[in-house]
Amino acid sequence: MVEDLLAGLNPQQAEAVTAVEGPVLVLAGPGSGKTRVLTHRIAWLVRETGVPAHHLLSVTFTNKAAAEMRGRVEQLLGGRLAGLQIGTFHSICARLLRVEAGAGVLPYGQNYSIYDTDDQQRVVKGVLSELNVDTKRVQPGRVLNAISAAKNELITPDEFRSADYFGEIVRRAYVQYQKRLVENNAMDFDDLLMNTALLLRDHDDVREKYQQRYEYVLVDEFQDTNQAQYQLVRILGRPQENVFVVGDEDQGIYAFRGADYRNVMQFRKDYPAAKVILLEQNYRSTQVVLDTARAIIDKNKHRTPKALFTDRSGGALVTVQEAYSEQEEGEWIARRIEELRRQRKDGYADFAVMYRTNAQSRALEEAFVRAGMPYRLVGGVGFYRRREVKDLIAYLKLINNPNDREVFERVVNVPGRGIGEKSVANFLDWAQNKNLTLAEALEAAADGVALPVVGRAAKGLVDFSQLLRDLRFMAAQNLLAAFDELTARTGYHIYLNEISDTAEQVTERQENVQALRGVIAEKKDLALDEFLADASLVAEIDQLDSSVDAVTLLTLHSAKGLEFPVVFITGVEDGLLPHSRTFSEPEEMAEERRLLYVGLTRAQDELYLTYAFRRVLYGDSTLSTPSRFFDDIPPELTTGLSPRLRGAQQRSGYKYETTWEREERPSSVSGAFASPKIIAFPPGGKASGGSRPAPAGPPTKYQPGMRVYHTKFGKGTVQSSKVISGDEEVQVRFEQAGIKLLSASFANLVVLDE
DNA sequence: TAAAGTATTCTTTTT
DNA sequence: GAATACTTTA
């Protein structure tokens, strides 16, 4: 029995799986099989030590990871484990709070709303203007960050101490912000963690209930926990302290949302008896990939050195590629993928293209569409953030929690019912004067009570409140029917026409509404509050459907925990990776390094690092420099062009350096640059061929061997020339200046007759 | 009140 | 250059 759970594991992995009593800290390098260890450990505890499945709590980083882990454990044990608790901190807390809010210990109902960043932003703005704070001088976003940071440290509004002027504004805003949230029966993401931690800390009976329930607590990606999460683990772990955490300090990439990789050190202090297990063998990558990654991460201070090793010695060199622009970067990658696919006989799904910021995905997508290559995009403008989806979800939220003022204000006049700002204010004031909650006021309106609004607004408000009442009734029976009623009675499809500028936009929005309907149909087993919590807590990465054969496009952050045979990391430029916002903060710069490390270690076989010479930012074109991180990669591990690697001897001939200058290209050329119309690509949809042959190059003006003259570089010989994005790119070996890559459209090359 | 026009911010990263 | 916030106009 024991054998099959330990089969194929190395001694360290086996030790981790079978550790019985007390706290365990597993420090695991990338690709060391830590997910496998966690999965096997759960199975082992259930089968070999007889722990009932519902006494186990396993925390993962994403819901997708949770689903996968549950699947594997059930596979190992050959049956369903109904009571097994696996999920993210947020989803576990949200569920716990629904139960306990119903029990009345919290100032919340179990139908509480969960606020996303947009909702938070709205509340903060409202609060700041109430406090007469100039939002030009004090950015709401910064106030929100400060509030969020406080919550992650479990500091309540009462306990918040201000040290300076800004701090005082934050303190006052925090007090009001939290008051508003409670009034609205709403929690933000941070509240889910903070309220759970405080609830368990301050209420003995509740705490004991969960402490008794959870005999074993397991946490993955421990380096990305914040203070609130750490405290949750500590509390739930008592009294047995069977706390099993797995992490890698080098992969900590979420400090910006309060994660503190020092929790790993804290753990060692708080549990001096903890067994520490190191997993250093990498089963994923080639030696070359691993050496590259190590070269990058070794430059970070304050880390526990790990002796990572693999038995996959050698491997393909890391290819470094410069492109002229982000368009050409995408085109080059698309071409390369087709080549590799032929060579390696891989499917599209074996390739991943990663980037630092979501905005970078656009040019890549366009290139892939042009190449007819199937891709799937993780994240981007999230489905749930689309206007039409947010509107309809907002209705559902209001049905679920009619005290949510934010949501009420969002949809009361959507589609237009003649209820303007003034009427809304009158209505809310009236409710307040009569001491009615929003829910009660809406009920009164539905009953036809005289309202302090006139004309169209009065009728609109009555219609609206009656609609809500009817929908609530229907939703309790059948959510999908309620949804259909909602779109029908609000004339939402007509409204979509009104708010859209083009026919395509209408279609796209209608498709999104249909997609939302599909999600509701799929989750028909869930109650409304559960459905909404689910919808609020889905991670970008949770939507990755790996059953389709397509190239994966994702941010470096989303790539955590994944692996691919071939990985492209794009935009490896100073200002992007590392991001310019981190230049002045060494701590943040170190995190950028870890981010690159995470990206590099996703690759199993081949790694490509690309950067563009120029890139469009905020709508205008800027020149960029290859990332400073290139300086740290030993040149012998790479192949391709990178000035930072190749050093001074080639720097004199640095591609483009003196050729494009800082001038704009002639407009006739930039006209040809305009991207072709993008054909909508169904997200996760069918792959359309993708086998289109690489376009045969159009005829070029310059031919290899031709002698040319340049005003600055003198005489030279054409090496090669090709048409790229409407312009001709000529490589010339100059007698004095060395090899240069020139744009034919404005380099003014004169053909010589020699 | 709604529509149309103008100004401004925005890009780190995400539960 | 897109999305939103804010202002002006009908």
Side-chain angles (χ1 to χ4, degrees), chain A residues 59-66 87-94 114-118 120-122 125 135-136 139-141 145 148 151-152 187-193 221 224-226 228-229 252-259 354-362 378-382 384-387 413-424 453 455-457 460 498-499 501 533-542 554-560 571 575-583 585 588-589 591-592 594-596 598-599 615-622 674-675:
Chain A
V59 185
T60 56
F61 201 69
T62 63
N63 290 305
K64 184 179 155 66
T88 63
F89 274 109
H90 287 89
S91 62
I92 286 163
C93 289
I114 297 175
Y115 278 5
D116 64 19
T117 322
D118 290 340
Q120 291 179 285
Q121 204 89 25
R122 279 172 68 126
K125 276 183 193 156
T135 49
K136 287 277 183 298
Q139 294 163 338
N145 280 342
S148 169
K151 289 184 174 182
N152 287 330
M187 299 193 208
D188 61 25
F189 284 119
D190 304 312
D191 283 333
L192 295 174
L193 304 176
E221 306 288 6
D224 280 319
T225 52
N226 63 32
Q229 292 164 328
I253 53 174
Y254 282 99
F256 70 91
R257 68 174 205 221
M354 303 174 185
Y355 36 81
R356 177 66 232 275
T357 65
N358 280 306
Q360 286 167 258
S361 73
R362 194 193 172 102
V378 177
V381 181
Y384 287 102
R385 297 192 56 185
R386 304 273 166 83
R387 179 171 171 183
N413 202 30
V414 172
R417 305 184 172 84
I419 309 169
E421 230 176 288
K422 200 86 196 162
S423 312
V424 172
V453 286
R456 273 186 302 170
E498 288 167 10
I499 59 166
D501 297 325
D534 234 52
S536 301
L537 299 175
V538 285
E540 308 287 7
I541 195 73
D542 292 337
L554 74 180
T555 62
L556 288 162
H557 281 88
S558 306
K560 181 152 92 157
L576 222 40
L577 183 61
H579 197 274
S580 52
R581 292 217 153 177
T582 68
F583 283 176
E585 288 294 327
E588 290 180 31
M589 180 66 85
E591 183 149 309
E592 296 291 297
R594 292 195 293 271
L595 194 51
L596 176 57
V598 167
R615 186 175 289 280
V616 176
L617 284 173
Y618 300 112
D620 48 26
S621 182
T622 47
S675 12

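No experiment lies behind these values; they were computed from the predicted model shown. Throughout, a chain's letter reflects where its sequence line sits, starting with A, and its residues are numbered from 1.
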Give the rounded distance in Å between these two atoms: [atom1] of [X] and [atom2] of [N].
{"X": "Arg386(A)", "N": "dA2(C)", "atom1": "CZ", "atom2": "P", "value": "15 Å"}
{"X": "Met354(A)", "N": "dT12(B)", "atom1": "CE", "atom2": "C1'", "value": "17 Å"}
{"X": "Lys560(A)", "N": "dT14(B)", "atom1": "NZ", "atom2": "P", "value": "12 Å"}
{"X": "Lys64(A)", "N": "dT14(B)", "atom1": "NZ", "atom2": "P", "value": "16 Å"}
{"X": "Asp188(A)", "N": "dT14(B)", "atom1": "CG", "atom2": "C1'", "value": "14 Å"}

Exercise for review: Determine the Euclidean distance between corresponding P atoms of dT13(B) and dT4(C); express it in Å to zero decimal places.
Suggested key: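 Taking atom P in both dT4(C) and dT13(B), they lie 15 Å apart.
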
Review point. Distance between the C1' atoms of dT12(B) and dA5(C), in whole angstroms?
Key: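 Pairwise C1' distance, dT12(B) against dA5(C), rounds to 22 Å.
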
Check your understanding: Are any side-chain N or O atoms of Glu592(A) and backbone N or O atoms of His579(A), one a donor and one an acceptor, separated by less than 3.5 Å?
Key -> yes

Check your understanding: Can you tell me how far CD of Gln360(A) sits from CG of Leu617(A), rounded to the nearest 0.5 angstrom?
Key ->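 So the gap between those two atoms works out to 8.5 Å.
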
Point to revise | Spacing of Leu192(A) atom CG and Ile92(A) atom CD1 [to the nearest 0.5 Å] | key: 12.0 Å

Check your understanding: Under a 3.5 Å cut-off on both pairing distances, which runs of 3 or more consecutive Watson-Crick or G-U pairs involve DNA chain B?
Key ->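 Stems found: B:1-10 with C:1-10.
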
Residues which pass side chain to side chain donor-acceptor pair (under 3.5 Å) with [X], listed by chain and number, not counting sequence neighbours:
{"X": "Asn413(A)", "result": "none"}
{"X": "Arg387(A)", "result": "Tyr495(A)"}
{"X": "Gln229(A)", "result": "none"}
{"X": "Thr117(A)", "result": "none"}

So does [X] get a side-chain nitrogen or oxygen closer than 4.0 Å to the phosphate oxygens (OP1/OP2) of [N]?
{"X": "Asn358(A)", "N": "dT13(B)", "result": "yes"}
{"X": "Thr117(A)", "N": "dT15(B)", "result": "no"}
{"X": "His557(A)", "N": "dT13(B)", "result": "no"}
{"X": "Thr555(A)", "N": "dT14(B)", "result": "yes"}
{"X": "Ser558(A)", "N": "dT14(B)", "result": "yes"}
{"X": "Asn226(A)", "N": "dT15(B)", "result": "no"}
{"X": "Arg356(A)", "N": "dT12(B)", "result": "no"}
{"X": "Asn413(A)", "N": "dA2(B)", "result": "yes"}

Where the side chain of [X] is concerned, which of [options] is the nearest nucleotide?
{"X": "Arg362(A)", "options": "dT13(B), dT11(B), dA2(C)", "value": "dA2(C)"}
{"X": "Ser423(A)", "options": "dA2(B), dT1(B), dT15(B)", "value": "dT1(B)"}
{"X": "Tyr618(A)", "options": "dT12(B), dT15(B), dT11(B)", "value": "dT11(B)"}

**Study point:** Any residue meeting side chain to side chain contact (heavy atoms under 4.5 Å, CB included) with Asn145(A), in chain and number order, not counting sequence neighbours
**Key:**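 Side chain to side chain contact (heavy atoms under 4.5 Å, CB included) list for Asn145(A), sorted by chain: empty.
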
Review point. Taking only residues two or more places apart in sequence or in another chain, which ones pass side chain to side chain contact (heavy atoms under 4.5 Å, CB included) with Ala359(A)?
Key: Thr357(A)

Exercise for review: Report yes if the ring of His90(A) lies under 5.5 Å from the six-membered base ring of dT15(B) with planes under 30°, and no otherwise.
Suggested key: no

**Study point:** Which residues share a ring pair (Phe, Tyr, Trp, His ring centres under 6.0 Å) with Tyr254(A), sequence neighbours left out
**Key:** Phe61(A), Phe256(A), His557(A)

Exercise for review: Could you tell me whether Tyr254(A) contacts a base, only the sugar-phosphate backbone, or nothing, with contacts defined as non-hydrogen atoms closer than 4.0 Å?
Suggested key: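 If one applies the 4.0 Å heavy-atom cut-off, Tyr254(A) turns out to touch the sugar-phosphate alone, with no base involved.
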
Check your understanding: Across the strands shown, which category fits Asp190(A) at heavy-atom distances under 4.0 angstrom: base, sugar-phosphate, nothing?
Key ->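 Counting heavy atoms under 4.0 Å across all strands, no contact is made by Asp190(A).
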
Review point. Closer to the 5' end of DNA chain B via nearest nucleotide, is it Gly416(A) or Arg257(A)?
Key: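 Mapping each residue to its closest nucleotide by heavy atoms, the 5'-most match is Gly416(A).
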
Practice item. Identify, between Phe89(A) and Glu592(A), the residue whose nearest nucleotide on DNA chain B lies closer to the 5' end. Key: Glu592(A)

Could you write out each protein N or O paired with an N or O of nucleotides 3-9 of chain C at a distance under 3.5 Å?
none

Review point. Heavy atoms, side chains only, cut-off 4.5 Å: are Leu537(A) and Phe189(A) in contact?
Key: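 Contact flag for Leu537(A)/Phe189(A) side chains = yes.
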
